[in-house]
**Q** 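Below is a structure I'd like to ask you about.
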Amino acid sequence: MISRRRLAGLSAAALAASAAPAAAQESFSAFLGSLRAQAARSGISRGTIDRAFSGMQPNAQVIELDRHQPEFTLTWAQYRARVLEPAKLAGGRSAFAANRALLIEVDRRLRVTPDVVVGIWGIESDYGAITGDFNVVQSLATLAWESGRPSFFRSEAVSALRILDHGDIGFAQITGSYAGAMGQPQFMPDSFLRYAIDFDGDGRRDIWTSRPDVLGSIANYLASSGWRYGEPWGQPVMAPPEIDTALAGRGRTRSLGEWMRLGVRRADGAAFSAPLVQGALLLPDGPGGDAFMVYPNFDVIRRYNPSDFYALAVGLLGSQSV
């Protein structure tokens, strides 16, 4: 294993020898040559390609983070305590209040309720406070060369070049996570090209510093993914401890009337008001723990990140922010 300190001190040649995929044994410079050619075939201008790749070397920290991602499993209770700590909930209320007029306009134009937009904004970047400072093109090129998903990261690198070519953001400002997730919504470049919008009308899609573009783009992602306006994502419920866990899961929907006959109730113990509505029961920590009834919009949130824990956290944070 190569330590982070040693990686930082390696020459480009030594880094290439230690980090290049064993099967390919391709130098980073040779790899960049093929990536430049791919970008040119995709219609990216020569000026953009030359400027983006000028003097580029693989990022040792990206390699270290990719190779040594922490491996641990959290229960839902642990995840909830970590992600929805009091400061995050208080931040959600403050963010909603400070941006109320903008969120109302986003709601009017894109037909996505403000609470879920604030929930994603908070989970992804702590309302814009934590967005990552890695050079996105360099990170993606490094991962395309070194990681086990070369095709994915090559495509994302070309998409990042297309963003620069369009002029939405400057070369020094296209920053994000070590894996290439960008700006306050943490869009990958391909998602940016599909879902980012110029909500403030200045001719650029700026998910780094433009609050209207950030919130509008999050809403557009959800709207484009099938958000059902006026319908909830889900709700906390009470489920009897003896309920059959085989009945739970996103794909096991039944009417709320049927769920009531199985002993499921609203969180306050009252009956559901719309017994014909279809929902699915989630028991993220099994019987006796938190229970939720989720609806089609829950699956739309999972389009943003395919994790039940993530979607539950977004929904809860948003509902406590309004």
**Q** Atom CG in Asn220, atom CG in Asp198: separation rounded to 0.5 Å?
**A**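 Output value for this atom pair is 11.5 Å.
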
**Q** Can you find a side-chain donor-acceptor pair between Ser45 and Asp165 that sits under 3.5 Å?
**A**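 There is such a pair (donor and acceptor under 3.5 Å, judged by atom type) between the side chains of Ser45 and Asp165.
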
**Q** Applying the 4.5 Å side-chain criterion to the ILVMFWY set and letting contacts propagate, would Trp233 and Met293 be lumped into a single cluster?
**A**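 Hydrophobic grouping puts Trp233 apart from Met293.
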
**Q** Could you walk me through whether Tyr195 and Ser217 satisfy the side-chain contact (heavy atoms from CB on, under 4.5 Å) test, starting with their C-alpha distance in whole Å, then the side-chain angles of each, then the deciding distance to 0.1 Å, before giving a yes or no?
**A** CA-CA 6 Å; Tyr195 303 118; Ser217 295; 6.0 Å; no

**Q** Are any side-chain N or O atoms of Asn297 and backbone N or O atoms of Glu231, one a donor and one an acceptor, separated by less than 3.5 Å?
**A**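 Confirmed, Asn297 side chain pairs with Glu231 backbone.
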
**Q** Any Lys/Arg nitrogen of Arg211 or Asp200 sitting under 4.0 Å from an Asp/Glu carboxylate oxygen of the other?
**A**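 Salt bridge: no.
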
**Q** So does Arg250 have more than 12 non-hydrogen atoms from other groups sitting under 6.0 Å from CZ?
**A**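 Above 12, so yes.
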
**Q** Would Arg82 count as a cation-pi partner of Tyr79, with NZ or CZ less than 6.0 Å from the six-membered ring centre and within 45° of the ring normal?
**A**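 Not flagged: Arg82 not positioned over aromatic ring of Tyr79.
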
**Q** Do other residues, nucleotides or ligands put more than 12 heavy atoms under 6.0 Å from the CE atom of Met238?
**A**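 No - once you tally the heavy atoms of other residues, nucleotides and ligands closer than 6.0 Å, there are 12 at most.
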
**Q** If you compare all heavy atoms of Pro189 against all heavy atoms of Ala160, which two are closest, and at what distance to 0.1 Å?
**A**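 Pro189 and Ala160 have their closest heavy atoms at CB-N, 3.6 Å.
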
**Q** With side-chain contact (heavy atoms from CB on, under 4.5 Å) as the criterion, how do Ile174 and Trp208 come out once you've worked through the C-alpha distance, each side chain's angles and the decisive distance to 0.1 Å?
**A** CA-CA 8 Å; Ile174 188 166; Trp208 289 265; 4.0 Å; yes

**Q** Taking all non-hydrogen atoms of both residues, which atom of Ile169 and which atom of Leu164 are closest, and how far apart?
**A**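 Shortest heavy-atom contact: O-CD2, 3.5 Å.
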
**Q** So, for Ala313 and Val83, which heavy atoms are closest and what is the spacing to 0.1 Å?
**A**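 Taking Ala313 first and Val83 second, the nearest heavy atoms are CB-CG1, 4.1 Å.
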
**Q** Tell me, do Arg266 and Val237 make a side-chain contact under 4.5 Å, heavy atoms counted?
**A**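 Sidechains of Val237 and Arg266: no contact.
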
**Q** Under 3.5 Å, side-chain donor or acceptor atoms of residues 271-287 against the rest of the protein: list the pairs with distances, not counting sequence neighbours.
**A**
from: Asp285; atom 1: OD1; to: Trp76; atom 2: N; distance (Å): 2.9
from: Asp285; atom 1: OD2; to: Trp76; atom 2: N; distance (Å): 3.4
from: Asp285; atom 1: OD2; to: Ala77; atom 2: N; distance (Å): 2.9

**Q** Just wondering, do Ile63 and Trp145 contact through their side chains at under 4.5 Å, heavy atoms?
**A**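 Side chain of Trp145 against side chain of Ile63, heavy atoms only: contact under 4.5 Å found.
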
**Q** Would you say the side-chain atoms of Asp115 and Thr113 include a donor-acceptor pair closer than 3.5 Å?
**A**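 Yes, a side-chain donor-acceptor pair sits under 3.5 Å.
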
**Q** So how far is it from Thr142 OG1 to Leu32 CG, rounded to the nearest 0.5 Å?
**A**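 One finds 8.5 Å between OG1 of Thr142 and CG of Leu32.
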
**Q** Tell me whether Arg93 forms a cation-pi arrangement with Phe96, defined as NZ or CZ under 6.0 Å from the six-membered ring centre and within 45 degrees of its axis.
**A**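 Output no; distance or angle outside limits.
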
**Q** Below 4.5 Å, heavy atoms only, C-beta onward: do Phe53 and Val137 meet side chain to side chain?
**A**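 Heavy-atom side-chain distance check passes, below 4.5 Å.
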
**Q** Do Leu74 and Leu317 sit in one hydrophobic cluster, given that two such residues count as connected whenever their side-chain heavy atoms are within less than 4.5 Å of each other, even indirectly?
**A**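 Same cluster.
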
**Q** Is Ser125 reaching over with its side chain to a backbone N or O of Gln184, donor-acceptor style, under 3.5 angstrom?
**A**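 Yes: the side chain of Ser125 pairs with the backbone of Gln184.
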
**Q** Would you say Tyr229 and Phe298 are hydrophobically clustered, going by side-chain heavy atoms of ILVMFWY under 4.5 Å?
**A**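 Tyr229 and Phe298: separate clusters.
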
**Q** Transitively linked via ILVMFWY side-chain contacts under 4.5 Å: Leu256 with Leu262?
**A**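 Yes, same cluster.
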
**Q** Distance check, rounded to the nearest 0.5 Å: Arg162 atom CZ versus Glu156 atom CD?
**A**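 Reported to 0.5 Å precision, the distance equals 11.0 Å.
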
**Q** Flag the pair Phe152 / Leu143 as yes when at least one side-chain heavy-atom distance between them is below 4.5 Å, and no otherwise.
**A**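 No, side chains not in contact.
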
**Q** Considering only heavy atoms from C-beta outward, does the side chain of Thr253 approach that of Trp259 to under 4.5 Å?
**A**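 No - every pair of side-chain heavy atoms lies 4.5 Å or more apart.
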
**Q** Would Val118 and Asn99 satisfy side-chain contact (heavy atoms from CB on, under 4.5 Å), going step by step from the backbone distance to the final call?
**A** CA-CA 10 Å; Val118 172; Asn99 296 278; over 6 Å; no

**Q** Taking a hydrophobic cluster as the set of Ile, Leu, Val, Met, Phe, Trp and Tyr residues connected by side-chain heavy atoms closer than 4.5 Å, whether directly or through intermediates, do Leu222 and Tyr295 fall within one such cluster?
**A**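 No, no single cluster joins them.
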
**Q** Could you tell me whether Asp168 and Arg204 make a salt bridge, using a distance below 4.0 angstrom between a side-chain N and a carboxylate O?
**A**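 Salt bridge absent between Asp168 and Arg204.
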
**Q** Which heavy atom of Phe31 sits nearest a heavy atom of Arg154, and at what distance?
**A**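 Reported closest heavy-atom pair: CE1-NH1, 3.3 Å.
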
**Q** Going by an N to O cut-off under 4.0 Å, is there a salt bridge joining Arg194 and Asp190?
**A**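 Asp190 and Arg194: salt-bridged.
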
**Q** Heavy-atom distance under 4.5 Å between the side chains of Leu316 and Leu84, does that happen here?
**A**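 Yes, side chains in contact.
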
**Q** Do Met182 and Met188 come within less than 4.5 Å of each other through their side chains, counting heavy atoms only?
**A**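 The answer is no; the side chains never approach within 4.5 Å.
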
**Q** One thing to verify: whether Arg111 and Asp107 come together as a salt bridge, which I'm taking to mean a side-chain N less than 4.0 angstrom from a carboxylate O.
**A**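 No, this pair does not count.
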
**Q** Starting at CD of Glu85, measure out to CZ of Arg80 and round the result to the nearest 0.5 Å.
**A**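 Nearest 0.5 Å value for the CD-CZ distance: 12.5 Å.
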
**Q** Show your reasoning for whether side-chain contact (heavy atoms from CB on, under 4.5 Å) applies to Gln61 and Leu65.
**A** CA-CA 6 Å; Gln61 188 179 7; Leu65 290 169; 4.0 Å; yes

**Q** Going by the ring pair (Phe, Tyr, Trp, His ring centres under 6.0 Å) test, which pairs reach into residues 112-137, not counting sequence neighbours?
**A**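 Those involving residues 112-137 are Trp121-Tyr127.
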
**Q** When you measure from the side chain of Ser42 to the backbone of Ile44, do you find a donor-acceptor pair of N or O atoms at a distance under 3.5 Å?
**A**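 Absent.
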
**Q** Consider only side-chain N and O atoms of Gln186 and Tyr304, and report whether a donor and an acceptor are under 3.5 Å apart.
**A**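 Their side chains do not contain a donor-acceptor pair, so the 3.5 Å distance test is not met.
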
**Q** Got a second to check how far Thr209's OG1 is from Gln173's CD, nearest 0.5 Å?
**A**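 Thr209 atom OG1 to Gln173 atom CD measures 8.5 Å (nearest 0.5 Å).
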
**Q** Check Asp308, Leu312, Val314 against Arg302 for a side chain to side chain contact (heavy atoms under 4.5 Å, CB included) and give me the one that passes.
**A**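 Running side chain to side chain contact (heavy atoms under 4.5 Å, CB included) over Asp308, Leu312, Val314 with Arg302 returns exactly one hit, Asp308.
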
**Q** To check you understand the geometry: which heavy-atom pair defines the closest contact between Pro240 and Val264, and what is its length?
**A**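 Answer, listing the atom of Pro240 first, then Val264: CD-N, 4.1 Å.
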
**Q** Judged by atom type as modelled, is there a donor-acceptor pair below 3.5 Å linking the side chain of Asp126 to the main-chain atoms of Ala129?
**A**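 Judged by distance alone, no pair lies under 3.5 Å.
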
**Q** For the residue pair Val158 and Leu35, establish whether any side-chain heavy-atom pair is separated by less than 4.5 Å.
**A**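 Yes. Closest side-chain heavy atoms under 4.5 Å.
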
**Q** With no hydrogens and no angle check, is any side-chain donor or acceptor of Arg252 less than 3.5 Å from a backbone partner on Ala248?
**A**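 Yes; at least one donor-acceptor contact below 3.5 Å.
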
**Q** Honestly, is Arg109 close enough over Phe199, meaning NZ or CZ under 6.0 Å from the six-membered ring centre and within 45° of the axis?
**A**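 Yes, cation above the ring, under 6.0 Å and within 45°.
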
**Q** Are Phe192 and Phe187 close enough, and set up right, to give a ring pair (Phe, Tyr, Trp, His ring centres under 6.0 Å), and what steps lead you there?
**A** CA-CA 6 Å; Phe192 178 99; Phe187 281 0; 7.2 Å; no

**Q** Check Asn135 against Gln138 and note the closest heavy-atom contact, atom names and distance.
**A**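 In terms of heavy atoms, the two residues are closest at OD1-N, 2.8 Å.
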
**Q** When rounded to the nearest 0.5 angstrom, what distance separates CZ in Arg261 from CZ in Arg254?
**A**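 One finds 9.5 Å between CZ of Arg261 and CZ of Arg254.
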
**Q** Please check: side-chain N/O of Ser155 versus main-chain N/O of Ser151, any donor-acceptor pairing under 3.5 Å?
**A**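 No: the side chain of Ser155 does not pair with the backbone of Ser151.
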
